[in-house]
Amino acid sequence: MAILLFMLPRMNLKLLLSVFLLLFSTIDPLVTHNPVYDSEFLVPSKTRISNEIADFEYSEIIERSFTSFMNRWNIRGASVAVSNGGRLVFAHGYGYADTVTKQEVQPYHRFRIASVSKLITAVAIMRLCEEGRISMHDRVFGVDGILNDSLFAAPRDKRVYSITVAHLLGHRGGWSVRYGDHMFITPTVARLGGYEMPLSTEDYVRFALDRRLHFTPGTGSSYSNLGYAILGLVIEKVSGMDYEEYCRREILEPVGIYDFALAKNLESDRLPNEVKYYEHEDALPKLSVYGTGEMVSAAYGGNDIESLMGAGAWVATAPDLMRLLLAVDGFDYNPDIISSESVETMTDIRNGYAPLGWKSTYENGVWWRTGFFPGTTAMMKRMPGGISWVVILNSSAWNGPELTNDINTLMNRVIARVGEWPQYDLFRYSLPVPIKEYIQE
């Protein structure tokens with residue numbers, strides 16, 4: 001500054017103005033300005049979205065609604081993201097990421113998203129179809145099937161050979177939960193199948209193929225985690241990449257998502273910025289999926305989340321999950337990662353396929369997806385008026401569907417109470433930066 005003052009008499013006005021602009025352009029606008037004042041200050045920065053950055057005039061109303069909801073359900077931590085017209089207008093965390101350390105939830109915290117993961121898998125399949133590498137009618141098993149590996153040869157029920165990609169996407173592959181969900185009865189699968197624990201995704205598939213189907217593929221429908229786990233293997237076989245790598249390269253990173261990752265089973269293997277998970281008070285322990293004979297928490301070692309892969313293994317932040325939603329919502333606000341024809345195939349229930357990846361889609365333009373594990377609850381919703389929202393919890397209830405119904409009621413109340421959403425876009429606060437390059441302490 002002293003040098004600048006010394007040079008002042010020798011500078012013309014135009015040059016002096018240029019120097020001052022250069023100096024002040026290096027100051028981070030996030031530090032010097034409140035975003036509610038002027039959207040021009042929302043510029044890219046490696047700063048991740050924090051609760052303070054996201055606050056606006058209706059924040060207290062939203063916080064009161066969430067506090068009441070969380071107290072009612074004994075929820076430890078929650079993360080919410082709201083978009084309007086393709087812009088991220090609100091992202092906030094409530095409660096604790098870790099109740100021991102009292103670390104508060106921030107928008108950059110990562111949560112398991114359970115069956116919301118199926119949306120990513122379905123989008124990946126649609127992308128491969130668009131590239132002409134597979135089709136919805138391709139058979140999955142058999143000599144002419146995608147998974148024509150010797151490991152899956154000679155299934156007990158020959159109807160397996162008629163299973164197509166479309167059948168698996170639409171939960172019409174022929175399996176039901178009549179004797180339990182294949183992916184959540186690990187000790188039984190290991191014992192009856194003669195497999196060593198921990199199991200691989202292929203072990204669960206081989207176990208199912210060694211038994212009869214519950215119905216002829218395409219003639220019925222039954223929610224199937226196994227079917228989406230198989231789709232993960234299909235993606236690997238067709239792409240020549242690991243499932244996670246393909247989804248990262250072709251689906252997530254192109255839309256600016258870098259904080260998605262596949263979950264681990266154990267608390268000791270938590271990922272950077274990942275929350276802790278809390279089951280309801282009366283939750284029963286389960287046998288460890290590692291074959292130790294121990295009775296452990298279902299949230300940590302009692303369920304084999306890693307082998308679920310495409311059926312439910314992703315962790316994500318609420319803002320990044322919103323990025324995904326906006327990339328497949330069919331609106332013109334932002335370009336979609338898949339074609340409009342693919343979006344329609346996934347969502348138009350009149351085409352005989354849908355919903356694919358989504359839990360339910362309606363002709364009025366409402367699409368939603370839920371997911372829950374012990375210790376995890378997630379829900380995302382696309383609405384016809386241009387507002388979409390994501391809510392992720394690090395807690396679960398004994399009745400998952402009832403909890404997600406209450407989340408929907410909560411968000412309807414929040415949206416009704418907010419008179420006007422901000423005009424800025426919180427996505428512009430942060431450059432997409434891989435988690436390994438920036439870890440919030």
Side-chain angles (χ1 to χ4, degrees), residues 70 73-79 93 95-106 108-118 180-191 195-201 203-204 225 229 232 244 259-318 321 370-378 392-400 403-404 435 439:
M70 293 171 69
W73 285 95
N74 194 25
I75 304 298
R76 286 19 171 244
S79 187
Y96 296 113
D98 184 333
T99 59
V100 175
T101 63
K102 302 300 181 184
Q103 183 183 22
E104 296 181 353
V105 174
Q106 297 284 345
Y108 54 74
H109 275 113
R110 302 200 286 186
F111 294 68
R112 292 172 180 169
I113 59 173
S115 284
V116 176
S117 302
K118 292 180 174 66
D181 189 316
H182 296 85
M183 308 302 295
F184 291 97
I185 53 171
T186 304
T188 300
V189 171
R191 177 171 52 83
Y195 308 123
E196 183 177 348
M197 299 168 73
L199 306 183
S200 66
T201 304
D203 289 334
Y204 291 97
N225 284 302
E244 182 176 16
D259 285 352
F260 272 60
L262 292 185
K264 302 297 183 182
N265 288 332
L266 303 178
E267 183 176 354
S268 58
D269 292 328
R270 273 195 308 158
L271 300 169
N273 287 342
E274 186 178 2
V275 299
K276 285 188 178 180
Y277 303 102
Y278 302 91
E279 300 179 58
H280 61 91
E281 294 180 355
D282 298 328
L284 297 175
K286 297 181 65 175
L287 277 171
S288 169
V289 298
Y290 291 95
T292 62
E294 298 175 280
M295 299 299 291
V296 299
S297 163
Y300 287 120
N303 284 334
D304 193 358
I305 296 171
E306 294 177 32
S307 292
L308 276 168
M309 199 162 58
W314 287 99
V315 299
T317 67
L321 195 51
T370 57
F372 31 85
F373 283 147
T376 304
T377 308
I392 321 177
L393 314 177
N394 66 350
S395 309
S396 58
W398 69 271
N399 188 341
L403 176 54
T404 51
I435 191 74
I439 299 176

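Side chain of Ser288 to backbone of Val296: no donor-acceptor contact under 3.5 angstrom is found. Without hydrogens or angle criteria, Ser396 side chain to Gly375 main chain gives a donor-acceptor distance under 3.5 Å. Between the side chain of Thr377 and the main chain of Ser395, a donor-acceptor pair closer than 3.5 Å is present. Without hydrogens or angle criteria, Arg110 side chain to Pro272 main chain gives a donor-acceptor distance under 3.5 Å. A donor-acceptor distance shorter than 3.5 angstrom exists from the side chain of Ser117 to the backbone of Trp314, with no hydrogens or angles considered. Of the possible donor and acceptor atoms, none in the side chain of Asp98 sits under 3.5 Å from a partner among the backbone N and O of Gln103. At distances below 3.5 Å, at least one donor-acceptor pair connects side-chain atoms of Arg112 with backbone N or O atoms of Ala299. Counting only distance, with no hydrogens or angles, the side chain of Glu274 and the backbone of Val315 share no donor-acceptor pair below 3.5 Å. Looking only at distances, a side-chain donor or acceptor of Tyr278 sits under 3.5 Å from a matching main-chain atom of Thr99.
Counting heavy atoms from C-beta on, the side chains of Lys264 and Arg270 never come closer than 4.5 Å. Put simply, the side chain of Asp282 does not reach to within 4.5 Å of the side chain of Trp398, judged on heavy atoms. With a 4.5 Å cut-off on side-chain heavy atoms, Tyr300 and Glu279 do not count as touching. Taking the side chain as every heavy atom from C-beta outward, Phe184 and Leu308 approach each other to under 4.5 Å.
In terms of heavy atoms, Asn394 sits closest to Ala97 at ND2-O, 3.9 Å. Closest heavy-atom contact between Ala229 and Met183: CB-CE, 4.0 Å. In plain terms, the two heavy atoms of Ala298 and Lys286 that are nearest each other are CB-CD, 3.8 Å. The two residues Arg76 and Asn74 make their nearest non-hydrogen contact at NH1-O, 3.1 Å. When all heavy atoms of Leu287 and Gly293 are compared, the pair lying nearest together is CD2-O, 3.6 Å. Among all heavy-atom pairs drawn from Ala261 and Leu271, the shortest one is CB-CD1, 3.8 Å.
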Please walk me through it: do His109 and Ser79 pass side chain to side chain contact (heavy atoms under 4.5 Å, CB included)? CA-CA 8 Å; His109 275 113; Ser79 187; over 6 Å; no
Under the side chain to side chain contact (heavy atoms under 4.5 Å, CB included) rule, what do Val116 and Ile392 come out as? Steps first, then yes or no, please. CA-CA 10 Å; Val116 176; Ile392 321 177; over 6 Å; no
Evaluate the criterion side chain to side chain contact (heavy atoms under 4.5 Å, CB included) for residue pair Asn225 and Lys118; output intermediate values, then yes/no. CA-CA 9 Å; Asn225 284 302; Lys118 292 180 174 66; 2.6 Å; yes
Please evaluate residues Ile113 and Thr376 with respect to the criterion side chain to side chain contact (heavy atoms under 4.5 Å, CB included), reporting the C-alpha separation (whole Å), side-chain torsions for both, the decisive distance (0.1 Å), and the verdict. CA-CA 7 Å; Ile113 59 173; Thr376 304; 5.9 Å; no
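Using modelled atom types, one finds no donor on one side chain facing an acceptor on the other under 3.5 Å when comparing Asn303 with Asn265.
Note that the CZ atom of Phe260 and the OG1 atom of Thr317 stand 7.0 Å from one another [nearest 0.5 Å]. Once rounded to the nearest 0.5 Å, the distance linking CH2 of Trp73 with NE2 of His280 reads 11.0 Å. Interatomic distance, Thr188 OG1 to His182 NE2, rounded to the nearest 0.5 Å: 11.0 Å. In this structure, Ser297 OG and Leu266 CG are separated by 10.5 Å, a value rounded to the nearest 0.5 Å.
Open room surrounds CD on Glu104; 12 or fewer heavy atoms of other groups in view lie less than 6.0 Å from it.
Paired with Thr186 under the rule side-chain hydrogen bond (donor to acceptor under 3.5 Å, both in side chains), one option of Tyr195, Tyr290, Tyr204 passes, and it is Tyr204.
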